[in-house]
Amino acid sequence: MRDETPNSWEARADAASFYGFTDLPSVRDRGTVVLTHGEGPYVFDVHGRRYLDANSGLWNMVAGFDHPGLAAAAKAQYDRFPGYHAFFGRMSDQTVMLSEKLIEVSPFEGGKVFYTNSGSEANDTMVKMLWFLAQSEGQPERRKILTRKNAYHGVTAVSASMTGKPYNSVFGLPLDGFIHLTCPHYWREGRPSESEAAFTARMGIELEETIAREGADTIAGFFAEPVMGAGGVIPPSAGYFQTVVPILKKYGIPLISDEVICGFGRTGHRWGCEAYEFMPDAIISSKNLTCGYFPMGAVILGPELTDRLQAASDAIEEFPHGFTASGHPVGCAVALKAIEVLLEGTTGAPPLIENVNALTPAFEAGLARLANHPHIGEARGKGLMGALEAVKDKSNKTPFDSHLSVSERIANTCTDHGLICRPLGQAVVLCPAFIMTEAEIAEMFEKLETALNAVFDELT
Ligand SMILES: *Cc1c(COP(=O)(O)O)cnc(C)c1O
């Protein structure tokens, strides 16, 4: 397993690379998997071992690891104009075209786009935009941000403050004024004998009470992922957005849909907000915006926020914010190709979103089959994102003791069988690439089932 020779890739990885979001005891035990390349949805390590990556890299490599059109779009743009910024009244032609395209494929009638290098920076940028609006519109106290527990919005100081995960306490986060509401996960958060409708209503009451307690005029915005991703693939309870959106509207609080995972087809719809039939005031995009072929994020503003931000900027003659690589021409060229590949189709190839919808029944059936296991408490998901939640006792949803690291064990056993999937809390997350075939979906579930059986046999 772990190559212990002094100059091994594993030893070299440990020696000079500082790991983030990595279970260090596991790595010490097993060694880092050092990868060299990929083919379709598979990746290969330095020892020549092949893995089916059931997580599309980090949700983002949805067109696989060797898509010729995406690589060619990048190469052509590198040859033509390899880099430029978007400051001081200059920007690349690719940037102009991508903004037009993003507004065209967005749910908005008009709007504007601002670019970043990542999803975290896009959320950070959106918060600064809302703070800027508050200052400009004479409401400087309107600064608080509402999100939900278990939400994942990124790792910068602001987006980590929005993220509702306990691990951020090691940084002394969240910052003041970041408020985390209850996670709308009916299976886990619903009270005994509470119906799903009553649970959803309770989420609305909590929101309204929070607004009353904090003061509506102190709240700058509400951010939500349509389906929570890194929180463990948690679809909202039935009617959740239909309950919270009118409340936000009533108090004039902008709703930001963080579509970094859901956007561009993951749920089977172009946007998660379309899957759940609500209209946000802005969309945050990243990850599959470029199918993972270039680091890029975008804030897509709907028409109302566009007008207000434009007025605020006009008043001081600029919006003083931007990154050196905002609107990078190679990123924009790749994103234009990615949108074609995902949503529009290229010559000879239908749009990949069609394959998401074609694969979803097999994906859901696979999840449902494994949910019959005595130690799987819940199978959940939407489109091609899913999770299986391990439980010690299915009847009362008791989790395994945390020191058993059950999901870590499952994921490690999967790796041994040539399958990469992600442990999250006590759940295992699956978010396959949109290019997968039914045979590859079947391979994924077979390998996962083998791993589940092995681990549960060991633990019980
Ligand atoms: C991944 C993610 C982010 C952060 O994006 P980075 O590019 O890692 O900064 C933000 N929001 C959601 C919903 C994400 O899944």
Side-chain angles (χ1 to χ4, degrees), residues 60 69-133 136 154 156 159 256 259-260 263-264 271 281-344:
N60 56 348
L70 291 163
K75 169 95 176 50
Q77 187 57 34
Y78 273 120
D79 289 342
R80 192 169 162 262
F81 193 29
Y84 210 73
H85 61 80
F87 291 4
F88 318 132
R90 295 187 281 281
M91 69 173 59
S92 81
D93 56 355
Q94 303 299 310
T95 316
V96 173
M97 290 190 285
L98 179 60
S99 298
E100 289 172 346
K101 179 55 79 178
L102 282 172
I103 296 301
E104 180 195 320
V105 301
S106 80
F108 302 130
E109 302 282 336
K112 288 191 176 183
V113 184
F114 191 94
Y115 297 100
T116 68
N117 308 299
S118 68
S120 302
E121 291 167 340
N123 278 312
D124 225 287
T125 296
M126 189 70 241
V127 170
K128 281 182 75 179
M129 284 174 160
L130 294 169
W131 288 348
F132 174 52
L133 267 189
S136 169
T156 55
S159 61
I256 316 304
E259 304 253 2
V260 169
F264 297 106
W271 303 101
D281 295 290
I283 285 176
I284 304 300
S285 178
S286 187
K287 293 206 167 92
N288 42 13
L289 169 61
T290 56
C291 296
Y293 280 57
F294 199 89
M296 185 169 207
V299 175
I300 306 171
L301 297 166
E304 194 205 321
L305 281 182
T306 297
D307 289 348
R308 288 167 64 192
L309 280 160
Q310 194 61 57
S313 303
D314 287 341
I316 59 164
E317 298 189 346
E318 78 171 327
F319 176 54
H321 177 82
F323 301 93
T324 302
S326 289
H328 193 288
V330 176
C332 291
V334 172
L336 280 162
K337 177 53 83 175
I339 293 170
E340 207 182 303
V341 167
L342 294 173
L343 302 182
E344 295 169 344

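Numbering starts at 1 and runs along the sequence shown. Any value given below was found using the heavy atoms of this structure, including those in side chains, with hydrogens, waters and symmetry copies removed.
Atoms OG and CD1, on S120 and I284 in that order, are 11.0 Å from each other to the nearest 0.5 Å. A distance of 8.5 Å separates NZ in K112 from CG in D307, rounded to the nearest 0.5 Å. Distance check: L336 CG to L70 CG gives 11.0 Å after rounding to the nearest 0.5 Å. Atom CZ of F264 and atom CD1 of I339 lie 4.5 Å apart (nearest 0.5 Å). Remark: M126 CE to D281 CG distance equals 8.5 Å, nearest 0.5 Å. Considering CD of E259 and CD1 of I300, their distance stands at 8.5 Å, rounded to 0.5 Å.
In this structure, F114 has its ring center closer than 6.0 angstrom to the ring center of H321.
Listed by first and then second residue, the side chain to side chain donor-acceptor pair (under 3.5 Å) pairs involving residues 283-303 amount to none (not counting sequence neighbours).
At a cut-off of 3.5 Å, with distance as the only test, no side-chain donor of Y115 or T125 sits close to an acceptor on the other residue.
Checked for salt-bridge contact, R80 and D93 meet the test: a charged N lies under 4.0 Å from a carboxylate O. Looking at D79 and K75, a side-chain N of the basic residue comes within less than 4.0 Å of a carboxylate O on the acidic one, giving a salt bridge.
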### Message
Go through it in stages, so that I can follow the logic: the residues are M91 and S326, the test is side chain to side chain contact (heavy atoms under 4.5 Å, CB included), and I'd like the CA-CA distance, side-chain angles, deciding distance and then a yes or no.
### Response
CA-CA 9 Å; M91 69 173 59; S326 289; over 6 Å; no

### Task
Decide side chain to side chain contact (heavy atoms under 4.5 Å, CB included) for L98 and M296; before the verdict, give the C-alpha distance in whole Å, the side-chain angles of both, and the deciding distance to 0.1 Å.
CA-CA 12 Å; L98 179 60; M296 185 169 207; 3.8 Å; yes

### Verdict with reasoning, L133 to L305, per side chain to side chain contact (heavy atoms under 4.5 Å, CB included)
CA-CA 9 Å; L133 267 189; L305 281 182; 3.8 Å; yes

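Taking the six-membered ring for Trp and thresholds of 30 and 60 degrees, F87 and H85 have ring planes inclined between 30 and 60 degrees apart.
Taking every heavy atom of both residues into account, A338 and L289 meet most closely at CB-O, 3.5 Å. Shortest non-hydrogen contact noted between S106 and W271 is CA-NE1, 3.6 Å. Between K337 and G69, the shortest heavy-atom distance links the atoms CG-O, 3.7 Å. When every heavy atom of A325 is checked against every heavy atom of N117, the shortest pair comes out as CB-OD1, 3.3 Å.
Atom CD of E109 sits in a sparse spot, with 12 or fewer heavy atoms from other residues, nucleotides or ligands closer than 6.0 Å.
No donor-acceptor pair closer than 3.5 Å links the side chain of S159 to the backbone N or O of N123.
Between I283 and L102, the closest side-chain pair of non-hydrogen atoms is not below 4.5 Å.
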